[in-house]
A.B. asks: 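Please find one structure pasted underneath; my questions will follow.
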Amino acid sequence: MRLVFLTGSLVHGGAERHAITLANRLAERGHECHAVYIKNIPAQLARLALAAPSSVRCLHARRYFDLSALSHLHAFLARIRPSAVLATNSYALMYASLARAGAPLAVALHTTWLRSVKERLQMLAYRPLYWRADAAVFVCERQRAHWRRRAVLARRNEVIYNGVDLAYWRADPAAGARVRAALGIPPQDFVIGLCAVLRPEKNPAQLVEAVARLRARGIPARALFIGDGPERTRVEAQARRYGVEKTVTVTGFQQDVRPFLAACDAVALTSFTEALSLAAIEAMALGRPVVHPQVGGAAELIRDGEDGLLFPVGDTPALAGALERLWQPGFRRMLGERARAKVESRFSEQAMVDRYEALLAEIASTRRTHEQLRKRAPAH
């Protein structure tokens, strides 16, 4: 197949990383893959491993809706005539819908949260684009149900869980020990990681308060924020407010987060919203017990008390209580081992790529069949 993967940008984020993974893996399977991004934010460009430099292009959109970028995309699609286009989220869907030049179109939706009135109005405008799309992919059952209630549906609607490369996401205790030594973290400290772009919906400052609560109980807890973003200032201010600034570290963006996650005893998410967290799956694959808010597909990913812990979204005492349970080495080791087993059985990258490959082949084949039948139909 000749496939085009369209994203709004290559900003640091799970949705963009997901699209890059699919493009790389399907190219390895012999498909001709092209990656196109609308706005010139190339933070993850180095992750793309497509053979030909011409297979990656930026549309250089200067505004939300840029006619020049749209024209560029239309000309590109008309020239290469892809078997199918996979758009990531609604913004890319808009461009793909208006410029697709007859190519079958699927969209992968990675969110459930609309941050503002403007975004809610935009989704109303996007809905007809979903209705005309050949397929929509949701990352968990709860997310599909959420959008079904809001009439955000395509002709075909599938759930394909996010997946990770099990060989790549394997714990390296020595790398974790080196990170702890480099950061000056004492061996006895209880390190709680949070790996994310520090955006408002990730609510990272909540972890600072939870660490302060644990330290007040005599637990030598510290927070390791693996990432960066607009909430970094708030995280650092919260650390000063609670007097725990010496036990809160923000690493900034990292190309390889595995050594930093390996340095953690546990991993927490504090988001107000998630669909199916790729960061949580990656931590679980590394054998790290995850504490996750009860939001999005959390219950599809984690069985509370068996392979991770869940807590009510926004409930800091409950978060601190869950983390306190993980202070017990035996309990967190057991949860970590079960977390890795869960990822191996349900959230492997191979299973994810297999499902996407089959879906894209099916919509490409269905479109070809319809076109052939239309051409053979007698004129009236």
Side-chain angles (χ1 to χ4, degrees), residues 13-15 17-18 89 108-115 137-150 158-164 169 192-207 209-210 225-227 261 264 266-326 331-332 334-349 351-352:
R17 192 160 76 250
H18 178 269
N89 289 331
L109 188 57
H110 291 266
T111 185
T112 55
W113 190 46
L114 302 176
R115 291 173 289 185
V137 179
F138 303 91
V139 297
C140 63
E141 293 288 353
R142 185 165 179 177
Q143 184 206 22
R144 178 166 63 174
H146 171 91
W147 288 117
R148 179 186 289 125
R149 291 192 297 271
R150 291 156 178 82
E158 301 286 340
V159 170
I160 302 179
Y161 287 134
N162 292 335
V164 299
W169 293 97
I192 304 157
L194 189 154
C195 186
V197 180
L198 304 182
R199 296 191 296 257
E201 67 270 22
K202 299 298 183 181
N203 188 30
Q206 185 183 24
L207 180 58
E209 183 180 348
F225 291 91
I226 308 163
L261 286 168
C264 301
V267 172
L269 278 77
T270 49
S271 310
F272 293 131
T273 180
E274 291 284 350
L276 192 74
S277 171
L278 192 57
I281 298 172
E282 290 166 350
M284 292 170 68
L286 290 174
R288 294 298 174 266
V290 172
V291 179
H292 197 302
Q294 293 169 327
V295 65
E300 296 170 57
L301 178 61
I302 291 172
R303 193 160 183 179
D304 188 35
E306 294 194 13
D307 46 33
L309 296 172
L310 301 176
F311 70 98
V313 61
D315 188 336
T316 304
L319 169 61
L323 291 169
E324 186 173 10
R325 293 178 67 189
L326 293 177
F331 183 56
R332 69 173 179 257
M334 180 187 72
L335 290 193
E337 290 171 354
R338 291 177 177 176
R340 170 72 188 189
K342 169 70 76 67
V343 174
E344 289 176 344
S345 65
R346 296 192 65 190
F347 301 102
S348 73
E349 183 182 275
M352 175 187 75

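Side chains included, hydrogens not; waters and symmetry mates left out as well; all remaining heavy atoms used. FYI, the numbering just counts along the sequence from 1.
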A.B. asks: Enter the distance from H110:NE2 to S277:OG here, rounded to the nearest 0.5 Å.
C.D. replies: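 Answer rounded to 0.5 Å: 12.5 Å.
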A.B. asks: Please name the pair of heavy atoms, one in A280 and one in L269, separated by the smallest distance, quoted to 0.1 Å.
C.D. replies: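 Heavy-atom minimum between the residues: CB-CD1, 4.0 Å.
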A.B. asks: Report the distance from atom CG of L335 to atom CZ of R325, rounding to the nearest 0.5 Å.
C.D. replies: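 Answer for the CG-CZ pair, L335 versus R325, is 7.5 Å.
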A.B. asks: To the nearest 0.5 Å, tell me how far E209 CD sits from L319 CG.
C.D. replies: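 That separation rounds to 9.0 Å.
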A.B. asks: Over all heavy atoms of both residues, which pair between S271 and V295 is shortest? Give the atoms and the distance, please.
C.D. replies: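 That closest heavy-atom pairing would be O-CG1, 4.3 Å.
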A.B. asks: Main chain of V164, side chain of E282: is a donor-acceptor contact present, judged purely on distance under 3.5 Å?
C.D. replies: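 Checked: no pair found.
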A.B. asks: A15 and N89: which non-hydrogen atoms are nearest, and at how many Å?
C.D. replies: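 Scanning both residues completely, I find the closest heavy atoms to be CB-ND2, 3.9 Å.
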A.B. asks: Does atom CZ of R150 have more than 12 heavy-atom neighbours from other groups under 6.0 Å away?
C.D. replies: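 Yes, enclosed.
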A.B. asks: Minimum heavy-atom separation for A320 to A210, with atom names?
C.D. replies: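 Heavy-atom minimum between the residues: CB-O, 4.2 Å.
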A.B. asks: Classify the side-chain pair Q206/T316 by whether it contains a donor and acceptor separated by less than 3.5 Å.
C.D. replies: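 Their side chains do contain a donor-acceptor pair, which is all the 3.5 Å distance test asks for.
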A.B. asks: Got a donor-acceptor contact below 3.5 angstrom from the K202 side chain to the V197 backbone?
C.D. replies: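 Judged by distance alone, no pair lies under 3.5 Å.
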A.B. asks: Is it true that R144 and E158 make a salt bridge, defined as a side-chain N closer than 4.0 Å to a carboxylate O?
C.D. replies: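 Not counted as a salt bridge, because no side-chain N and carboxylate O are separated by less than 4.0 Å.
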A.B. asks: Do the side chain of W169 and the main chain of M284 share a donor and acceptor less than 3.5 angstrom apart?
C.D. replies: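 Such a contact is absent between W169 side chain and M284 backbone.
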A.B. asks: Less than 4.5 Å apart, side chain to side chain, heavy atoms only: is that true for L323 and L207?
C.D. replies: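 The answer is yes; the side chains approach within 4.5 Å.
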A.B. asks: NE2 of H146 to OG1 of T112: how many Å apart, nearest 0.5 Å?
C.D. replies: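 One finds 5.0 Å between NE2 of H146 and OG1 of T112.
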A.B. asks: How long is the span from the CG atom in L309 to the CG atom in L326, to the nearest 0.5 Å?
C.D. replies: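 Spacing of CG (L309) from CG (L326) equals 5.0 Å.
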A.B. asks: Indicate yes or no for a side-chain donor-acceptor contact from D304 to the backbone of L310 under 3.5 Å, with no hydrogens or angles considered.
C.D. replies: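 Looks like yes, one N/O pair under 3.5 Å.
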A.B. asks: Kindly give the heavy-atom pair with the smallest separation between A275 and V139, and that separation in Å.
C.D. replies: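 So the two residues come closest at CB-CG2, 3.4 Å.
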A.B. asks: Within the 4.5 Å heavy-atom criterion, are Q143 and L276 side-chain neighbours or not?
C.D. replies: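 Q143 does not reach L276 side chain to side chain.
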A.B. asks: One thing to verify: whether E337 and R340 come together as a salt bridge, which I'm taking to mean a side-chain N less than 4.0 angstrom from a carboxylate O.
C.D. replies: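 Between E337 and R340 there is no salt bridge, as every charged N stays at least 4.0 Å from the carboxylate O atoms.
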A.B. asks: Just distance, no hydrogens or angles: give the donor-acceptor pairs under 3.5 Å from side chains in residues 286-293, sequence neighbours left out.
C.D. replies:
{"from": "R288", "atom 1": "NE", "to": "L261", "atom 2": "O", "distance (Å)": "3.4"}
{"from": "R288", "atom 1": "NE", "to": "C264", "atom 2": "O", "distance (Å)": "2.8"}
{"from": "R288", "atom 1": "NH1", "to": "L286", "atom 2": "O", "distance (Å)": "3.3"}
{"from": "R288", "atom 1": "NH2", "to": "A262", "atom 2": "O", "distance (Å)": "2.9"}

A.B. asks: As an exercise, state the distance from CZ of R17 to CG of N162, rounded to the nearest 0.5 Å.
C.D. replies: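 With rounding to 0.5 Å, CZ (R17) is 9.5 Å from CG (N162).
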A.B. asks: Looking at G296 and C140, what are the two nearest heavy atoms and their distance?
C.D. replies: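 Shortest heavy-atom contact: C-SG, 4.5 Å.
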A.B. asks: Is there a donor-acceptor pair closer than 3.5 Å between any side-chain N or O of D307 and the backbone N or O of R338?
C.D. replies: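 No; zero donor-acceptor contacts below 3.5 Å.
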